[in-house]
Amino acid sequence: MAEIQMALDSLDFDATMALAEQVAPYVDILEIGTPCIKYNGLKLVKALKAAHPDKKILVDLKTMDAGEYEATPFFEAGGDITTVLGASDMATMKGVIKAANANNGEAQIDLIGVEDKAAVAKDAATNGAHIIGVHTGLDAQAAGQTPFEDLKTITGLGLNVKVSVAGGINKDTIQSCVQAGAAIVVVGAAIYGAPSPAESAKELRALVDAA
Ligand SMILES: O=C(CO)[C@H](O)[C@H](O)COP(=O)(O)O
């Protein structure tokens, strides 16, 4: 069964906690988005884990250097998954993988901006990555890009890792992502931008479970 990850991309601490409360019944992973974690820091990781001990917390650090050093406190604060850029040095990725393993967590390699995504995915999987993230970022989405072809390329490699997909996923595309082999589907704007985020998350849950 594929997991749904809700991207909490607001900067506001209280709004983030409130949105998590609304969507939690329908999602598996609560993601603290990159701008949100930079703005709010470890305090938000602790608060979110305390409020939702049954959910995985992904901290979208998008680490680029000093992997183990940067990721460790976020795992210790209650994060279950942190992200590291596939554009970083393999030593950085290995540092985050080491921090994850030391804390019973998972390291996700984010392929955002990576030219040869298949090569990085293979290398990261060989080095113990837990999740490979196929990701079209917000700025690339605004330029008309989508993650769907890259998703097929990465799942087609048959690597022994979970594949996550993010980048403008909504109710019209979520089932095809699951059918293409995504173990985790990430949704941000399609939930937080909906008139009722809870209703949107509920609808997406039903679609994923039926896929
Ligand atoms: O990581 C992100 C941006 O870098 C977003 O959280 C991710 O893309 C999901 O949001 P959306 O569904 O709105 O694209």
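Side chains are part of it too, since the values below use all heavy atoms of this structure and drop only hydrogens, waters and symmetry mates.
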Verify the neighbour count for atom OH of Tyr39: are there more than 12 heavy atoms of other residues, nucleotides or ligands below 6.0 Å?
-> no

Does any non-hydrogen side-chain atom of Ile4 lie less than 4.5 Å from one of Ile29?
-> no

Heavy-atom neighbours of Glu115 CD exceed 12 at 6.0 Å | no

For the pair Ser88 (side chain) and Leu85 (backbone), establish whether a donor and an acceptor sit closer than 3.5 Å, ignoring hydrogens and angles.
-> yes

Could you note down all residue pairs passing salt bridge (charged side-chain N to carboxylate O under 4.0 Å, His left out) where residues 94-114 supplies at least one of them, sequence neighbours left out?
-> Glu68-Lys98, Glu106-Lys162

Identify each donor-acceptor pair in which a side-chain atom of residues 117-126 lies under 3.5 Å from a protein atom, sequence neighbours left out, and give them as a table.
| unit_1 | atom_1 | unit_2 | atom_2 | d |
| --- | --- | --- | --- | --- |
| Lys117 | NZ | Val114 | O | 2.7 |
| Asp123 | OD1 | Asn127 | ND2 | 3.4 |
| Thr126 | OG1 | Lys122 | O | 2.8 |

Can you list the steps and then say if Met6 with Tyr26 is a side-chain contact (heavy atoms from CB on, under 4.5 Å)?
-> CA-CA 9 Å; Met6 164 68 196; Tyr26 310 109; over 6 Å; no

Residues pairing under side chain to side chain donor-acceptor pair (under 3.5 Å) where one sits in residues 5-18, two or more places apart or in two chains, turn out to be Gln5-Glu31

CD1 of Ile81 to CD1 of Ile184, rounded to nearest 0.5 Å, is 5.5 Å

Results of salt bridge (charged side-chain N to carboxylate O under 4.0 Å, His left out) for Asp60 - residues two or more places apart only | Lys62

Is the count of non-hydrogen atoms from other residues, nucleotides or ligands lying under 6.0 Å from Asp139 atom CG greater than 12?
-> no

Looking at CG of Leu44 and CG of Leu8, how far apart are the two atoms once the value is rounded to the nearest 0.5 Å?
-> 8.0 Å

To the nearest 0.5 Å, tell me how far Ser196 OG sits from Gln22 CD.
-> 7.0 Å

Ile174 CD1 to Ile169 CD1 distance, which is reported to the nearest 0.5 Å = 6.5 Å

Partner residues of Glu70 under the salt bridge (charged side-chain N to carboxylate O under 4.0 Å, His left out) criterion, sequence neighbours left out | none

Please check if the side chain of Thr155 supplies one atom and the backbone of Ala180 the other of a donor-acceptor pair under 3.5 Å.
-> yes

What do the steps show when you test Gln108 against Ile132 for side-chain contact (heavy atoms from CB on, under 4.5 Å), and what is the final call?
-> CA-CA 6 Å; Gln108 174 168 318; Ile132 302 294; over 6 Å; no

Close side-chain approach of Glu76 and Leu42, heavy atoms under 4.5 Å | no

Any side-chain donor near an acceptor of the partner, His130 and Asn101, under 3.5 Å = yes

Tell me, do Val161 and Ile131 make a side-chain contact under 4.5 Å, heavy atoms counted?
-> no

Looking only at atom types and distance, does a side-chain atom of Gln175 sit under 3.5 Å from a main-chain N or O of Val208, one as donor and one as acceptor?
-> no

Quick one: which residue pairs count as a salt bridge (charged side-chain N to carboxylate O under 4.0 Å, His left out) with a foot in residues 42-51, not counting sequence neighbours?
-> Lys49-Asp80

Take Leu58 and Thr82, measure what side-chain contact (heavy atoms from CB on, under 4.5 Å) needs, and give me the verdict at the end.
-> CA-CA 6 Å; Leu58 181 142; Thr82 78; over 6 Å; no

Say whether Asp89 and Thr92, considering side chains only, have a donor N or O and an acceptor N or O under 3.5 Å apart.
-> no

Least distance between heavy atoms, Thr136 atom then Pro147 atom | OG1-N, 3.1 Å

